[in-house]
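Below: the structure, in structure tokens.
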Amino acid sequence: MSTSPTASAAPIAFLKGHGTENDFVIIPDPDNVIDLPAHAVAALCDRRAGLGGDGLLHVVRSAAHPEARDLAGEAEWFMDYRNADGSVAEMCGNGVRVFARYLRRAGLVEPGDLAVATRGGVKKVHLAKGADDGDITVDMGRAALPGGEVTVTVDGRATTARNVNMGNPHAVTFVEDLALAGTLFAAPAVTPATAYPDGVNVEFVVDRGPRHVAMRVHERGSGETRSCGTGACAVAVAAARRDGVDPAATGEPVTYTVDLPGGRLIVTERPDGGIEMTGPAVIVAEGHLEPAWQATAFG
């Protein structure tokens with residue numbers, strides 16, 4: 001069982017990384033001995049008083065974590081992902097790429113194919129050989145398209161949205177101008193509430209050209225972020241269906257370029273329903289928490 005750090009505990013190691021400027025605090029903890037209560041995660045992700053991040057990647061061996069032990073035969077490593085407010089989340093597409101970049105940097109995996117366990121299932125990652133700083137491709141699994149009409153409202157303006165689930169919930173709405181998303185400091189109103197009992201990520205999308213879109217996103221538990229990998233996948237699927245394209249019906253893959261405030265992701269949906277996302281992942285810093293701050297944050 002994990003135990004909470006104290007003032008006398010060894011300083012916790014951390015790294016900082018980002019994928020298209022969706023940034024994360026990384027806490028390596030292979031044996032799952034570090035307790036990460038919500039208030040400690042929120043303190044670490046605080047941009048003024050902590051390290052700052054849209055979320056936290058807790059790096060644990062699947063066999064050591066009660067939520068992932070059943071997946072240990074498929075994936076050695078479990079991405080125990082937390083939102084910036086400390087809440088637990090199922091998946092994070094940009095986070096998976098940064099997670100994989102850390103594992104390779106630490107010498108814990110080799111280039112090539114890698115399986116990562118998440119609360120949204122096992123994700124397959126490809127790390128190109130001979131390119132430790134190149135783009136990373138993640139097989140994000142299949143999108144689910146729950147039925148029922150969903151509406152997003154910002155500043156009294158309501159738009160219809162498509163409900164897309166990528167292992168976590170999304171409401172995707174197409175608008176004429178990304179400014180219509182408002183400030184996104186607070187979560188946009190989404191109805192009916194029964195469509196998303198655990199909250200939802202909301203994407204606002206505009207067209208940039210053929211199979212090329214741009215988006216802004218309010219991430220559940222984090223506010224507006226510079227990028228969202230699962231959101232980009234949800235947007236690509238929603239755009240394809242809006243455009244009358246379904247790879248399962250045509251037998252041909254479809255690829256969308258998705259521009260986000262923090263960069264560009266390439267999303268391909270295959271005829272078998274699988275979705276691949278390709279983009280960068282960067283480690284920018286590493287160190288140890290200052291003991292007094294650690295004791296206060298985790299106390």
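Hydrogens, waters and symmetry mates are skipped; everything else that's a heavy atom, side chains included, is used.
- Side-chain atoms of Asp177 come within 3.5 Å of backbone atoms of Ala179 as a donor-acceptor pair (strictly under, hydrogens ignored).
- Counting non-hydrogen atoms of neighbouring residues, nucleotides and ligands closer than 6.0 angstrom, the CG atom of Asp246 exceeds 12 such neighbours.
- Panel note: side chain Thr118, backbone Gly121; a donor-acceptor pair is recorded below 3.5 Å.
- Pairs of residues two or more places apart, or lying in two chains, that qualify as salt bridge (Lys or Arg N to Asp or Glu O under 4.0 Å) and include a residue from residues 261-282 are Asp139-Arg270, Arg241-Glu269, Asp259-Arg264, Arg270-Asp272, Arg270-Glu276.
- Between Phe14 and Leu44 the shortest side-chain heavy-atom distance does not fall below 4.5 Å.
- Inter-residue side-chain proximity for Thr230 and Met140 is flagged as met; some heavy-atom pair is nearer than 4.5 Å.
- Separating the CZ atom in Arg157 from the OG1 atom in Thr173 is a distance of 11.0 Å, to the nearest 0.5 Å.
- Between Asn22 and Arg226, every side-chain heavy-atom pair lies at or beyond the 4.5 Å cut-off.
- In this structure a side-chain-to-backbone donor-acceptor pair under 3.5 Å is missing from Arg61 to Glu76.
- Cys45 has its side chain out of reach of Arg82: every pair of non-hydrogen atoms, C-beta onward, lies at least 4.5 Å apart.
- Arg47 has a carboxylate O that lies under 4.0 Å from a charged side-chain N of Asp54, or vice versa, which qualifies the two as a salt bridge.
- Heavy-atom minimum distance, Pro188 versus Val154: CB-CG2, 3.9 Å.
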For side-chain contact (heavy atoms from CB on, under 4.5 Å), just list the numbers for Tyr196 and Val150, CA-CA rounded to whole Å, side-chain angles, deciding distance to a tenth of an Å, and then say yes or no. CA-CA 10 Å; Tyr196 302 104; Val150 176; 3.8 Å; yes

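- Once rounded to the nearest 0.5 Å, the distance linking CE of Met166 with CE of Met277 reads 8.5 Å.
- Leu289 CG to Ile27 CD1: the interatomic distance, rounded to the nearest 0.5 Å, is 6.0 Å.
- With hydrogens and angles ignored, the 3.5 Å screen pairs no side-chain donor or acceptor of Glu219 with any backbone N or O of Ser222.
- Scanning both residues, Ile275 and Cys233, for their nearest heavy atoms gives CG2-SG, 3.9 Å.
- Side chain of His65 to main chain of Met79: no donor-acceptor pair is present (N/O by atom type, distance under 3.5 Å, no hydrogens or angles).
- In this structure, Trp293 contributes its side chain and Ala49 its backbone to a donor-acceptor pair below 3.5 Å.
- Residue pairs meeting the salt bridge (Lys or Arg N to Asp or Glu O under 4.0 Å) criterion with at least one member in residues 188-215, sequence neighbours excluded: Asp207-Arg242.
- In terms of heavy atoms, Met215 sits closest to Pro261 at O-CD, 3.4 Å.
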Evaluate His288 against Gln294 for side-chain contact (heavy atoms from CB on, under 4.5 Å), listing each step before the verdict. CA-CA 10 Å; His288 290 81; Gln294 177 176 307; over 6 Å; no

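- At a cut-off of 3.5 Å, with distance as the only test, a side-chain donor of Asp243 or Tyr256 sits close to an acceptor on the other residue.
- Glu149 and Pro192 get closest at one heavy-atom pair: O-CD, 3.4 Å.
- Side chain of Asp85 to backbone of Ser87: a donor-acceptor contact under 3.5 angstrom is found.
- Looking at Arg101, its side chain never comes within 3.5 Å of a backbone N or O of His18 through a donor-acceptor pair.
- Between Thr278 and the choices Asp135, Thr137, Thr268, the side-chain hydrogen bond (donor to acceptor under 3.5 Å, both in side chains) rule is met once, by Thr137.
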Between Phe174 and Val172, is a side-chain contact (heavy atoms from CB on, under 4.5 Å) present by the stated rule, with each step listed? CA-CA 7 Å; Phe174 292 87; Val172 180; 4.2 Å; yes

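- For the pair Asn168/Arg220, a side-chain contact is recorded, criterion being any heavy-atom separation below 4.5 Å from C-beta on.
- Counting heavy atoms from C-beta outward, Val217 and Phe204 have side chains that stay 4.5 Å or more apart.
- Between Gly19 and Asn94 the shortest heavy-atom distance is O-CG, 3.6 Å.
- Rounding to the nearest 0.5 Å gives a distance of 10.0 Å between CG of Asp29 and CG of Asp35.
- Asn201 places a side-chain N or O within 3.5 Å of a backbone atom of Pro169 that can act as its donor or acceptor partner.
- Considering every non-hydrogen atom in both Ser62 and Ala117, the closest pair reads OG-CB, 3.7 Å.
- Looking only at side-chain heavy atoms (C-beta outward), Pro253 and Pro247 stay at 4.5 Å or farther from each other.
- Summarising the local packing, NZ of Lys16 is surrounded by more than 12 heavy atoms from other residues, nucleotides or ligands at distances under 6.0 Å.
- A distance of 7.0 Å separates OH of Tyr81 from CG of Leu57, quoted to the nearest 0.5 Å.
- Between Thr20 and Arg97, some side-chain heavy-atom pair lies under the 4.5 Å cut-off.
- Atoms CG and NE2, from Asn32 and His58 in turn, are 5.0 Å apart once rounded to the nearest 0.5 Å.
- When atom types are taken as modelled, the side chain of Thr151 and the backbone of Thr160 share no donor-acceptor pair closer than 3.5 angstrom.
- Hydrophobic clustering (side-chain heavy atoms under 4.5 Å, transitive across Ile, Leu, Val, Met, Phe, Trp, Tyr) keeps Val88 apart from Leu36.
- Other residues sharing the hydrophobic cluster of Phe78, ordered by chain and number and joined by side-chain separations under 4.5 Å: none, the residue standing alone.
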Carefully, step by step, assess Val125 and Phe99 under the rule side-chain contact (heavy atoms from CB on, under 4.5 Å). CA-CA 10 Å; Val125 181; Phe99 187 94; over 6 Å; no

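- Taking a cutoff of 4.0 Å between a charged side-chain nitrogen and a carboxylate oxygen, Asp80 and Arg119 qualify as a salt bridge.
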